[in-house]
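This report refers to the structure that appears directly beneath it.
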Amino acid sequence: MPEIEKTYEPAAVEPKWYEFWLQNGCFTADPARVSKQRPAYSIVIPPPNVTGVLTLGHVLNNTIQDILARRARMLGKEVLWLPGTDHAGIATQNVVEKTLRKEGVMKHRNDLGREALVAKIWEWREKYGGIILQQLRALGCSLDWSRTRFTMDEHYSHCVSRVFVDLYKKGLIYRGKRMVNWCPASLTALSDEEVVMKEQNGVLYYFKVEVVEEPGRFLTIATTRPETIPGDSAIAVNPNDPRYAGLIGKHARRPLPRENQAPLPIIGDDAVAFDFGTGVLKVTPAHDKADNEIGQRHNLPQIDIIHPNGVMNDLAGVDLAGLERFAARKRAVEVLTELGALEKEEPYKNSVGYSERADVPIEPRLSEQWFLKYPSVAEARACVAGVSGKVGVPPAGAGVSPDRNSGEASDAPAPGASNPQVREGETPSPAGGTPTLPEMRFFPDRWAKVYDHWMTGIQDWCISRQLWWGHRIPVWTMLWEGPLATSDSDSQIVRFDLPFLSEEQNRKIAVQVIRPGGAGGEIYFGIAVYPGNPEIEQLLEQRGAKQDPDVLDTWFSSWLWPFATMGWPEKTETLAKFYPTTDLVTGPDIIFFWVARMIMAGFEWMGEMPFRNVYFTGIIRDKQGRKMSKSLGNSPDPLDLIAKFGADALRFGVMRSAPLGADILFDEKNVELGRNFCTKLWNAARFRQMQSGAGVPPTGSGAGVPPVGSEAGVPPAQFEAEIDPALLTNDDQWILLRLDAAIREVSTVLDEYRFSDAAQALYRFFWSEYCDWYLEASKAVLVAPASPAATEAAPPADTRRNNTLAVMDFVLAHTLRLFHPFLPFITEELWQGMGFAQDLPANQGGKTIMFAPWPKPFTEDERAYFGLDESVERFAAAKFEVVNQGRALRRDGNIASNKRVRFILRPSTPLPAHEVAVLKLLLNADPLDLVEASWIPPRGTPAALTPLGDLFLPLEGLIDVAAERERLTKEIAKVTDELTKVRAKLANPNFTDKVPAAVLTEHRNREAAWADKLAQLQRMLDALGL
RNA sequence: GCGCGCUUAGCUCAGUGGUAGAGCGCUUGCUUCACACGCAAGAAGUCACAGGUUCGAACCCUGUAGCGCGCACCA
């Protein structure tokens, strides 16, 4: 084996192995390999925006997914981790338009026109769309690149159109003129989820209006938006408000526009609160959601006074027309003041909806849009573990039944097509009960409540966007002059064959009345066309039908991601084997945008939930707890971090500080810690390499790597060949026990998605236990073996040495595998470099550590075989106590840790020569003299009591007696305190009567131990002399 | 207003009823033949507060305060 270099160089190592994995198809999923013995495991990546670059959020999210995927492979599963990108409508169009404006290509999108702009965006996508995926490679992500998808791939786009038509036919999609969230910057409607509420320091303006029928009587109205007064069409009061009830039916003159101070009706509506403002409300049906509802109840005119871009139109009157809405507010206040109508203004805090993307206040606006009534809500709501409304789960696939033309829509794989994929250790349904539907689990589960709450109050989804980049709505609208085939004019869906289409073609469309008896009594049809029928589209356009110019909300395509990427609507093998996916890893900020909608889509078109488990990551913040943002300059570039510290270091650092359910405060120190840990791992391996030689196969040859699934009951042959249990030292046995504990702990916490706990357990095991204790103790065998006492039947040094190396190899081989999901690169480098891959079958790690089996805890038989029992731990703990005490003595005596000094041990139990050698080494003692029980130290000798006997540091004259006395006095105080506490407990009959026997025994032992210790400390203090 | 979460060492966080823990930072000593990205030893905590349950509470219950998040309202 080549000698391991002195320092680890991630920059040289990482690309090499990534290329190796790619060349060997290690990431490729093959549904044909899925079987009962080899269950499927799948994750679809939350597709990053195609314009995006890697952020720390992506690092967190994708490292978690990679850990899950890599571990699943090691557990013998067929793993599909499916990559891709999202076209991200508004975001992408904004980015590209901005660039084009900067480059002077255009001033406004209209300069280019729809087709040219879309072509430019495609160009952009070709050029930059793969960046983030390339960056994921640098992170080590084991994605199956052969399956990379994009939400605007031809096939994917067909899926989007198909589900649109399907929902349209089911009557769930409708067009309507409604109040929508309008973004005056992006000039498009937005969904409720794209609006974020922000608290504002605003002003509440009070102005008065005169009651027409009672001249001289004024009403005072409070408003935050005086610029909308010209759009008012009523004054509302609460009919139960004695102050104003008598005015209902009368009129008041609105002050603006000043050239048209129209009298408005005073109406009564329960929505008006008595105690807010003055109890009098101006009603602006065209520019406020609540006012719009009042307007509908009272049949008020809707006066639209604002252009789509936020500029006031002519109806706003001469004072305001042409002003931007906030300038208009200022002006309106001035005019009110001039008119003498303004009474007062007071500061006021309120929340205003902002456009998430453009970061400007949205404008509630009446607009004609497409809306969706969510499908499969009941199923989606009921399937999540821990939500309240989960009773009466309907059978899977019980969606709304299609009314006709069902042929094309229903050829998806049969509902319930399942695949055997159960997480290791997953508990089956409760025994004896009725079979329950499989549940989806959220981690942490508190998100289930949030999800349920949203699903309960769910509103129709505005799915049309006034953009060009996206999936164009597959609906053509035309004026219909013939008779209607249905008498029910309220019906949204009409059974109607277009005479200019063939019967066959008519089956590929759905017809909806858009404006029954529209403005001039005309009837408009919306004709939705299944994808892939250009000839129908052509015929429609020849007849004057126009395709809707809008595109669909990006999330209307994202919600199909789990199955549209796997070939739906064809019944692909991929779908059959890998759907539903096993885990979804995403941020809680898109639980409504994406997760909830995917669940509904999963039920609606696959008849099944899209994933079994959803892991919600925290949000990455800087170390002051602020969100990462470009403007703050607090978001480091992950690629810089990788260049500086290595991808493994970044992964480990982030994972170690990312507890389940909490935000992550990112600190480069954590990455440093990851880097340091890699170095530690590297050097521990290097130490092992430096020991090979005399009598050992030069490579260590993967010694002791046990076959996975070795049958219980038979001591594995490999163990016998490599590790002779008869030659195991206490340290060997101890580290095997610690390894076993680490395997158990890491496996358990990973099953619970507690990645930071796993990382910490690994860190602790390898650094504090393996390196700090075992590796140091092993030097007593490898570097400075004890010369056995004449009476002892010690094994030849070489034999014992080989055995220790075998134990080391065993532990390292397991450790590397435990670390692999977290640290894929360095573990592969060491696995190969140290020769662990040799002589192993390819599917057992012979080719790459990626397919080496995940370590298993010892069986009972293996524990017995290696002699691993409690006495091992006990003796090791006693030994460490001796060492700790000795080091403390050294410290008290101000003796440098590198200085060899004489220690004297008066053992309370016979010690094998080897153990004495270990103690000598760890104490850095020379010599370590053993004395008889009768030996009495000279007065003033610092001493420590240990479980293996009394330890002395004979340093006549060198010791600071006063300091030593102080230490002992302090120790005595502490022990006295503990002893008092435990005695007080034991003296309490309530305690002794009620406490469980085991706890009582434990307390009695504790009392004895403290008492013993106190007595000995006292003796030591006495021995120090005065 | 409703709901959720958090409050433990200087910082970030583990710790679900029985002797308060880790990493970082800090202090001291050490280039001891894997590693100074290291080794060793240390200092450091009224477990937010107040009640209650219990033999016993950081942990369970009730309440309070502060912080964070979500939802609703917002003339």
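Just so we're on the same page: letters track the sequence lines, and every chain starts at 1. Side chains included, hydrogens not; waters and symmetry mates left out as well; all remaining heavy atoms used.
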Between N or O atoms, less than 3.5 Å apart, protein on one side and nucleotides 10-12 of chain B on the other: list the pairs.
none

Polar atoms only, N or O, under 3.5 Å: list the protein pairs with nucleotides 25-33 of chain B and their distances.
residue, atom, partner, partner atom, Å
B:U28, O2, A:Arg891, NH1, 2.9
B:G29, N2, A:Ser897, OG, 3.2
B:C30, O3', A:Asn898, ND2, 3.0
B:C33, N4, A:Arg900, NH2, 3.0

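A:Val272 comes within contact range of at least one nucleobase, with a heavy-atom separation under 4.0 Å. If you check every strand for non-hydrogen atoms under 4.0 Å, A:Ala236 touches nothing. At the heavy-atom level, A:Lys680 lies under 4.0 Å from base atoms of the strands shown.
Taking every heavy atom of residues 642-649 of chain A and every atom of RNA chain B, no pair lies under 4.0 Å.
Applying the salt bridge (Lys or Arg N to Asp or Glu O under 4.0 Å) test to A:Glu227 and every residue at least two apart in sequence or in another chain returns A:Arg225, A:Arg329.
Pairs passing the side chain to side chain donor-acceptor pair (under 3.5 Å) check and including a residue from residues 985-1000 of chain A, sequence neighbours excluded, read A:Lys985-A:His1003.
In terms of phosphate contacts, A:Asn676 brings a side-chain nitrogen or oxygen within less than 4.0 Å of OP1 or OP2 of B:G38. Applying the 4.0 Å criterion to OP1 and OP2 of B:G38, one finds that A:Trp682 has every side-chain N and O outside that range.
Using N1 to N3 plus N6-O4 or O6-N4 for Watson-Crick, or N1-O2 and O6-N3 for G-U wobble, each under 3.5 Å, B:U7 pairs with B:A65. Pairing for B:U19 is absent, with no Watson-Crick or G-U wobble pair whose two atom distances lie under 3.5 Å.
For an aromatic pair to be called close, the ring centres must be under 6.0 Å apart, and A:Tyr451 with A:Phe616 fails this.
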Heavy-atom protein contacts under 4.0 Å, nucleotides 53-60 of chain B, coded B base, S sugar-phosphate only, - none: --B-----
